[in-house]
Amino acid sequence: MEQQTTNKQLEPEMLYPDLAYNIERMQLEFLNCSDIMYRNCSIGGLNRATLIYVDGMCDVQAVDEFVLQPLIEHFRRSSMVDEGRAAELKEIFIPTLKIRIVFQTKEVIQAVLRGETAIFTEGNAFVMLADLIKMEKRAIEEATSEKVVRGPRDAFMETLRTNTSLLRRRLRSSKLKLESMTLGSLTETDIVIGYMEGIVKESLVKEVRARLQKIQIDGIIHSSNIEEFIEDNVFSPFPQIQNTERPDVAVSSLLEGKVIIITDNTPFVLILPMTYWSGLQAVDDYSDRFMYATFVRWIRYTFVHISLLLPSLYVALTTYHLQVIPTSLVVSIASAREGVPLPAVIEALIMEFIFEGLREAGIRLPQQVGPAVSIAGALVIGQAVVAAGIISTPMVIIVSLTGVASFAFPLYNLGTAYRMLRFPLLVIAGVLGFYGIVLFLIALSVHMVTLKPFGVPYMAPYAPMSTGNLNDVLVRAPKPRMRKLLPWLTNGKSERFPKRTK
């Protein structure tokens, strides 16, 4: 007994053959944890085994059928389980049951909190962990933020292994590598790094792996917690890591040589590195015919620039450059603004703030009332401010058109960047007119060109120019002509498929 006590002091994390002692340690560790369940396996009046699992994360029926019943049958034949008979003990369970053996208390605690069932037995300094995890999860549904007219309807969900299976269903190749990692000292969140061996640059995978390993945080709640830790320029308004809830988009990115990060409990998968042009490409671009896809892409690009520039152009024109507006239009605008006490820039800022407030309220309110409140609020407030002579009618039209244009972004993060940049651009246009707008656009272009997320130019393939990759930027070329891969992403592989010969 004295020797046993000495060993316990030397190795406080190890398990011991004393079942009562091990259970007491676990009870101290899980003190005041009402969801931790203890089930004793008592044979002949003696406690021979104890099962520990988390209520709600474990298949209780499977525990009874595959663990408790075999244990009871085994103890009827053997009065005592000897130390070192781990292999024999494992065989009493059905062969298909996933069983592993651990020898440290810390491993047992982590496994129980993940949902595994810990099986403590008398006389053994180890614990068997049975994978009988059964947690509630929702069904696979359609993507809510990336809807398509023609394309797959399934989307990622909160379960990590379901998400990896959605990828495997589309990419049946052993070259798809899915490396596991755990982040968060308290949450112990499982994440997976995915890439295509032979296509992706090895240096990119190493860089992603190294940046993830440097993250020291107590909890990873969702994938955006990881995003800001690993991106290159956190002070840029532009997103440098793409996120998607569509498996087909993730697979397409893998085939281009990009790396994905799947986070448990998050339906959004991170794709990196991101380029500016990939943020403007919609899924429907690749399911429609190339001519219509190109036409829609041009409309999208036009609306993207309208969402950024229209209010500031209106302010600059009506404040400093009336000479470039036709006379009849100047008269019409002047008559509409007659009696409005505020300068155009203040009008625009007020209306933009109101519009952003209504948009935010519409998102936060319950789904049943959110759209109704935002639409009613926009109509009522717009009508009221015009009737009161606070805001002119042309300004309401300008802000409404800008708001509609801001919904044309395929990637929500990129749209929020433009929404935010609209406000400083408005102020500069109100102070300097066209000159301010030009200076702002030059500074913005310089900033975007200098961005290099994970070493890949943000404006590629236009800056620097890569002529072989222009078939999928301003136009969407026919798919047989979209052979080239971005040279900054791939490991020597330059083409998706060989050139077609007639």
Side-chain angles (χ1 to χ4, degrees), residues 143-149 155 222-224 227-228 231 233-246 249-250 253 266-286 293 296-314 348-349 351-365 367 370-371 374-375 377-378 398-426 429 437 440-441 444-445 447-448 451 453 458-459 473-474 476:
T144 56
S145 61
E146 296 171 276
K147 291 185 178 293
V148 295
V149 176
H222 41 74
S223 57
S224 61
E227 190 174 340
E228 292 188 14
E231 69 180 358
N233 193 341
V234 294
F235 296 104
S236 172
F238 293 99
Q240 295 142 64
I241 297 177
Q242 186 178 347
N243 63 76
T244 182
E245 57 178 333
R246 298 188 59 84
V249 173
S253 301
T266 304
F268 287 93
V269 168
L270 302 180
I271 301 172
L272 49 100
M274 173 189 168
T275 63
Y276 175 72
W277 303 108
S278 64
L280 296 177
Q281 294 165 350
V283 180
D284 278 328
D285 288 358
Y286 305 96
V296 172
R297 186 173 287 187
W298 287 349
I299 291 177
R300 187 183 309 129
Y301 288 171
T302 304
F303 271 66
V304 164
H305 290 94
I306 285 176
S307 71
L308 177 67
L309 294 172
L310 186 60
S312 53
L313 285 175
Y314 174 79
L349 286 172
M351 286 304 295
E352 286 291 346
F353 270 111
I354 292 174
F355 187 85
E356 291 297 328
L358 288 171
R359 186 206 299 256
E360 190 68 13
I363 294 174
R364 305 299 164 213
L365 285 170
Q367 188 176 1
S374 57
I375 293 171
I398 293 293
V399 172
S400 302
L401 185 57
T402 305
V404 172
S406 66
F407 290 111
F409 287 88
L411 188 62
Y412 181 78
N413 284 5
L414 193 58
T416 55
Y418 272 73
R419 284 163 52 194
M420 188 176 60
L421 290 171
R422 197 185 304 148
F423 288 93
L425 184 57
L426 259 177
I437 295 175
F440 184 90
L441 292 179
L444 193 64
S445 301
H447 169 71
M448 295 170 71
L451 286 177
Y458 194 58
M459 296 300 292
V473 183
L474 291 184
R476 207 281 276 168

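Numbering starts at 1 and runs along the sequence shown. Everything numeric here is computed off the predicted structure, so don't read it as measured data.
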Compare all side-chain heavy atoms of [X] with those of [Y] and state whether any distance is below 4.5 angstrom.
X: Tyr276; Y: Met448; result: yes
X: Ser278; Y: Gln242; result: yes
X: Val399; Y: Leu310; result: no
X: Leu411; Y: Met274; result: yes
X: Arg246; Y: Lys147; result: no
X: Arg300; Y: Phe409; result: no
X: Asn413; Y: Asn243; result: yes
X: Pro410; Y: Glu146; result: no

Go through it in stages, so that I can follow the logic: the residues are Thr402 and Glu352, the test is side-chain contact (heavy atoms from CB on, under 4.5 Å), and I'd like the CA-CA distance, side-chain angles, deciding distance and then a yes or no. CA-CA 9 Å; Thr402 305; Glu352 286 291 346; 4.0 Å; yes
Can you give me the closest heavy-atom contact between [X] and [Y], atom names plus distance?
X: Ala405; Y: Ile306; value: CB-CG2, 3.8 Å
X: Thr244; Y: Ala250; value: CG2-N, 4.3 Å
X: Pro311; Y: Ile398; value: CA-CG2, 3.9 Å
X: Pro237; Y: Ala417; value: O-CB, 3.1 Å

Taking salt bridge (charged side-chain N to carboxylate O under 4.0 Å, His left out) as the test, write out the residues that go with Arg297, two or more places apart.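 For Arg297, the residues satisfying salt bridge (charged side-chain N to carboxylate O under 4.0 Å, His left out) (neighbours in sequence not counted) are Asp285, Asp472.
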Can you measure from [atom1] ([X]) to [atom2] ([Y]) and round to the nearest 0.5 angstrom?
X: Ser406; Y: Phe303; atom1: OG; atom2: CZ; result: 10.5 Å
X: Leu421; Y: Thr416; atom1: CG; atom2: OG1; result: 9.5 Å
X: Ile271; Y: Ile241; atom1: CD1; atom2: CD1; result: 11.0 Å
X: His222; Y: Leu270; atom1: NE2; atom2: CG; result: 11.0 Å
X: Ile354; Y: Leu349; atom1: CD1; atom2: CG; result: 11.0 Å
X: Leu474; Y: Leu280; atom1: CG; atom2: CG; result: 10.0 Å

Worked verdict on Arg359 versus Phe407 for side-chain contact (heavy atoms from CB on, under 4.5 Å): CA-CA 11 Å; Arg359 186 206 299 256; Phe407 290 111; 3.4 Å; yes
Check whether any side-chain N or O of [X] sits under 3.5 Å from a backbone N or O of [Y] as a donor-acceptor pair, and report yes or no.
X: Glu245; Y: Ser145; value: yes
X: Ser236; Y: Phe238; value: yes
X: Gln240; Y: Asn233; value: yes
X: Trp277; Y: Tyr458; value: no

Enclosure of His447 NE2 (heavy-atom neighbours >12, cutoff 6.0 Å):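 It does: His447 NE2 has more than 12 such atoms within range.
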Just checking Phe440: does its CZ atom have more than 12 heavy atoms from other residues, nucleotides or ligands closer to it than 6.0 angstrom?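 Yes - once you tally the heavy atoms of other residues, nucleotides and ligands closer than 6.0 Å, there are more than 12.
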Assess whether side-chain contact (heavy atoms from CB on, under 4.5 Å) is satisfied between Glu227 and Val234, documenting all intermediate values. CA-CA 9 Å; Glu227 190 174 340; Val234 294; over 6 Å; no
If you apply the rule side-chain contact (heavy atoms from CB on, under 4.5 Å), what do you find for Asp284 with Val296, and how did you get there? CA-CA 10 Å; Asp284 278 328; Val296 172; over 6 Å; no
